[in-house]
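The structure under discussion appears below in the form of structure tokens.
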There are 2 protein chains.
Amino acid sequence: MPKFISIKASDGLTEREAEYLKAIFNLELMSKKGVVGSLEVANFMGVSCATASEVLKKLYEKGLLNREPWRGVSFSEKGMMEVNRILRNHRIFETYAYRFLSISLEDACECANRIELQISDKIIDSMCRILGHPEKCLHNNDIPRRISCCLRK
Amino acid sequence: MPKFISIKASDGLTEREAEYLKAIFNLELMSKKGVVGSLEVANFMGVSCATASEVLKKLYEKGLLNREPWRGVSFSEKGMMEVNRILRNHRIFETYAYRFLSISLEDACECANRIELQISDKIIDSMCRILGHPEKCLHNNDIPRRISCCLRK
DNA sequence: AACCTAATTTAGGTTATGCCTAAATTTATC
DNA sequence: GATAAATTTAGGCATAACCTAAATTAGGTT
């Protein structure tokens, strides 16, 4: 009879895996080929190629990435949704903290990084509504919408 | 040259260790003896005595608990500060989410549990100020103060 | 004082994450 | 077609969180 129920991270994604997803997202933006290789990920994350390769394989096995071995990875439908959810959480929270809690840009961003995986959809949607469903964050990046929240005509 | 700096949890406390700290806090409140034993912790956390004992020892080694072997543990100065910080974060966030984000009590509490370790002092202090430095949370528990924030005369 | 029991601790083992180096493999280029 | 660069596999290591089984200790009983 455990009286204490432990809280799990989102979707069986570890903190670290989420960081890799964000790395891949950034690299995909910059890259000309439509695909991201393990070396790029390794450099970005500061780990060895072997490690990067393993992680990419694992994220593929979790259905978050498409993978052509020896060529590279790209986001699957599911992976794109996941990374969008994380980016949305980050950017809405950051914007809210800046505008309503008088937190500096850097501090807001730093804290967003730490909670973006754990914070609940309901809270982000509420912040989003209060902010008027903004399209851009403070760094002028797009804020992904959630359909059930952002029905801005 | 890592371009990505990973975010660490507070004070080298793992998520799980923080849960144990909160368990000990609750048990200390309820207990008549001034000390909490491994069996109590084990039951509360839903783990074996052996596991509880190990964790208590580790938290002692980290300076968060006083420990009299074969008798039990209590909070050290440092441990009390840590658990107060966590409770403060939880209770301020929860109250803010309920009052300003129209989140239900249960949802607010559930999310507070997930972010209480990661959220920054600055954000909690800001929420605290906006709430007018409340003394009690929604469950009518005391909200620990931070000196630099809550100078309520 | 010796005993017994219940609580506690130690010892040794398991699984999963996240990393590594070194060795193989494939792709691409000259 | 050889060779260099990128990628992957194989095998290892450390740490977190657990476990069971075996010791150890404290406290109450006779």
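Here the structure is a predicted model, which is why all the values come from computation and not from measurement. Just so we're on the same page: letters track the sequence lines, and every chain starts at 1.
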Item to check | Any A:Ser48 side-chain N or O less than 4.0 Å from OP1/OP2 of C:dC20 | outcome: yes

Checklist entry - Phosphate oxygens OP1/OP2 of C:dC19: is one of them under 4.0 Å from a side-chain N or O of A:Tyr20? => result yes

Checklist entry - With a 4.0 Å cut-off on heavy atoms, is A:Ala52 in touch with a base, just the backbone sugar-phosphate, or nothing at all? => result nothing

Checklist entry - How about A:Ile119 and A:Glu116: do any of their side-chain heavy atoms sit closer than 4.5 Å? => result no

Item to check | salt bridge (Lys or Arg N to Asp or Glu O under 4.0 Å) between B:Lys58 and B:Glu54, intermediate numbers included | outcome: CA-CA 6 Å; B:Lys58 188 161 207 184; B:Glu54 275 168 11; over 6 Å; no

Checklist entry - Closer than 4.0 Å, any side-chain N/O of A:Lys57 to the OP1 or OP2 of D:dT9? => result yes

Next on the checklist: If you define the side chain from C-beta out and look only at heavy atoms, does anything of A:Tyr60 sit under 4.5 Å from A:Val55?
Outcome noted: no

Next on the checklist: Using side-chain heavy atoms (C-beta onward) and a distance below 4.5 Å, is A:Ile123 in contact with B:Phe93?
Outcome noted: yes

Give each protein N/O atom lying under 3.5 Å from an N/O atom of nucleotides 25-30 of chain C, with the pair distance.
none

Checklist entry - What is the ring orientation for A:Phe25 with A:Phe75, classed by angle as parallel under 30°, tilted 30 to 60°, or perpendicular over 60°? => result tilted

Item to check | Distance below 4.0 Å between A:Thr14 side-chain N/O and C:dG18 OP1 or OP2 | outcome: yes

Checklist entry - Across the strands shown, which category fits A:Ser38 at heavy-atom distances under 4.0 angstrom: base, sugar-phosphate, nothing? => result sugar-phosphate

Checklist entry - Counting just side-chain N and O atoms, does A:Lys58 come under 4.0 Å of either OP1 or OP2 of C:dT17? => result yes

